[in-house]
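Single-structure report; data block below.
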Amino acid sequence: EVKLVESGGDAVQAGGSLRLSCIASGFTFDDYAIGWFRQAPGKGREGVSCINGSDNSTYYADSVKGRFTISSDNAKNTVYLRMNSLKPVDTAVYHCAQVTIISGTIEDGDTNYLYENWGQGTQVTVSS
């Protein structure tokens, strides 16, 4: 059974930092990418970042580039999302997902991703 469990969400003030964690199980980590997407109330899903399990290549949405850093510990089947300089617009539920890249490369962004499974999410709230 595929399982992804997120943690690390919290309420912080603008300018603050958080580190989200995602522990994945039930599939071979190296065979997939692990992505983070977020969903704010009344808004659609936004792909935030993604890391390829086989070669650690990464993708960042323009909205988070330079502020967020994704990393992985393959030995622990864990992916991290370090979020710095948080803004109120970053407020959302953050989910990690098992991702298949269906065309192009990871750098091409999440229009080319298939989100196969994802976790329940962790809430990030940024106040001004």
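Because the structure is predicted, anything quoted here is derived from the model rather than measured.
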Rounded to the nearest 0.5 Å, the CZ atom of Phe37 sits from the OH atom of Tyr113 at a distance of 13.5 Å

Same apolar cluster: Met83 and Ile51, side chain cutoff 4.5 Å
yes

Kindly work out whether a path of hydrophobic side-chain contacts (I/L/V/M/F/W/Y, heavy atoms less than 4.5 Å apart) joins Leu4 to Val99.
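Shared cluster, no.
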
Among Val5, Leu81, Leu20, the one residue meeting side-chain contact (heavy atoms from CB on, under 4.5 Å) with Thr122
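The residue from Val5, Leu81, Leu20 that satisfies side-chain contact (heavy atoms from CB on, under 4.5 Å) with Thr122 turns out to be Leu20.
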
Cys22: which residues meet the disulfide bond (SG atoms under 2.5 Å apart) condition with it, sequence neighbours left out?
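In terms of disulfide bond (SG atoms under 2.5 Å apart), with neighbours along the sequence ignored, Cys22 is linked to Cys96.
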
Taking all atoms of both residues into account, what is the closest heavy-atom pair of [X] and [Y], and its distance?
X	Y	answer
Ser57	Ile106	OG-CG2, 3.3 Å
Trp118	Ala97	CB-CB, 3.8 Å
Asp90	Arg67	OD2-NH1, 2.7 Å
Trp36	Val79	NE1-CG1, 3.6 Å
Ala14	Pro88	CB-CD, 4.1 Å

Please check: side-chain N/O of [X] versus main-chain N/O of [Y], any donor-acceptor pairing under 3.5 Å?
X	Y	value
Thr78	Lys76	yes
Tyr60	Ile70	yes
His95	Gly119	yes

Using side-chain hydrogen bond (donor to acceptor under 3.5 Å, both in side chains) as the criterion, list what pairs up with Gln98, not counting sequence neighbours.
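With neighbours one apart ignored, the set is Asn117.
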
Considering residues at least two apart in sequence or located in another chain, which fulfil the side-chain hydrogen bond (donor to acceptor under 3.5 Å, both in side chains) criterion with Lys65?
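Asp62.
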
Going by side-chain contact (heavy atoms from CB on, under 4.5 Å), name the residues that satisfy it together with [X], two or more places apart in sequence or in a different chain.
X	result
Ser127	Gln13
Asp10	Leu18
Thr105	Glu107, Asp108
Ala11	Thr125

Apply side-chain contact (heavy atoms from CB on, under 4.5 Å) to Cys50 and Thr58, showing your working.
CA-CA 6 Å; Cys50 195; Thr58 59; over 6 Å; no

Please step through side-chain contact (heavy atoms from CB on, under 4.5 Å) for the pair Ser21 and Glu6, ending with a clear verdict.
CA-CA 6 Å; Ser21 298; Glu6 305 93 339; over 6 Å; no

Could you note down all residue pairs passing side-chain hydrogen bond (donor to acceptor under 3.5 Å, both in side chains) where residues 45-54 supplies at least one of them, sequence neighbours left out?
Arg38-Glu46, Glu46-Ser63, Asn52-Ser54

Going by ring-ring contact (aromatic ring centres under 6.0 Å, His included), name the pairs with one or both residues in residues 64-94, residues two or more places apart or in two chains.
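The answer is none; no pair qualifies.
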
Determine which pairs satisfy ring-ring contact (aromatic ring centres under 6.0 Å, His included) with at least one residue from residues 39-58, sequence neighbours left out, and list them in order.
none

Could I get the full list of salt bridge (Lys or Arg N to Asp or Glu O under 4.0 Å) partners for Arg19, not counting sequence neighbours?
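Checked Arg19 against salt bridge (Lys or Arg N to Asp or Glu O under 4.0 Å); zero matches.
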
Can you list, pair by pair, the side-chain donor-acceptor contacts under 3.5 Å of residues 24-35, counting residues two or more places apart and other chains?
{"from": "Asp30", "atom 1": "OD1", "to": "Asn74", "atom 2": "ND2", "distance (Å)": "2.9"}

